[in-house]
Each structure stands twice: as C-alpha cells, then as structure tokens.
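One structure below.
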Amino acid sequence: MRFVNPLDEQVLHSVMNQFKKIITVEDLGIPDYFVEHGSQQELWHECGYDVAGIEQAIVQALEG
C-alpha cells in the first residue's frame, strides 16, 4: 500500500492474514528529541529513515 488515507481495511486485513510481520516506512514520525538542521539526507540518517536505518530496523524486528 502506498497511501493510507483513505484506509482500505479489506486490503489491510488481506495482507495481515498472509504475513506474520509487516514492515511500514513513514517519513513523518520524527523521534522525540531535538533534530538539528541539515540536508534531507543528513536528517534521514539522523532519524533512521535512510537505507541503513531501515535495514537495521528490519533486522531487529526479524530477530526479535
């Protein structure tokens, strides 16, 4: 699913019934601490939204 609004509940239930874990990526949820100014790439890295941060979160979720 690329867009969440409006939420297609049938699609969501269908996906949830097929998989044990679902990974979503959302770029609006910032951490609960002050984030310095910087380029978009620097801010993505700081918040864990870059490739390395997403990969790390996926590995942690699969190990846990």
Side-chain angles (χ1 to χ4, degrees):
M1 293 175 48
R2 183 170 179 198
F3 301 100
V4 175
N5 193 5
L7 184 61
D8 187 335
E9 292 185 32
Q10 287 182 325
V11 170
L12 188 59
H13 287 293
S14 174
V15 169
M16 293 175 79
N17 287 329
Q18 294 178 34
F19 303 97
K20 292 181 181 180
K21 296 188 183 206
I22 298 171
I23 298 168
T24 63
V25 177
E26 192 248 313
D27 66 348
L28 299 176
I30 59 171
D32 191 20
Y33 59 84
F34 184 76
V35 178
E36 297 287 338
H37 292 277
S39 70
Q40 192 172 34
Q41 289 78 19
E42 290 170 327
L43 297 177
W44 285 345
H45 178 74
E46 172 72 22
C47 295
Y49 301 151
D50 61 349
V51 173
I54 293 169
E55 180 181 21
Q56 181 182 9
I58 290 170
V59 169
Q60 288 176 348
L62 293 175
E63 289 176 346

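The model shown is predicted, which means the values in this text are computed figures rather than measured ones.
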Transitive ILVMFWY side-chain link V51 to I58, under 4.5 Å: no
Verify the neighbour count for atom CD of Q18: are there more than 12 heavy atoms of other residues, nucleotides or ligands below 6.0 Å? yes
Please list, chain by chain and in numerical order, all residues satisfying side chain to side chain donor-acceptor pair (under 3.5 Å) with E46, sequence neighbours excluded. Y33
Decide whether L62 and I54 are clustered together by the hydrophobic rule: side chain heavy atoms of Ile, Leu, Val, Met, Phe, Trp, Tyr closer than 4.5 Å, transitively. yes
Considering all heavy atoms, the nearest E36-L43 contact: O-CD2, 2.9 Å
When you group the ILVMFWY residues by side-chain heavy-atom contacts below 4.5 Å and let the links chain together, are L12 and F19 in the same group? yes
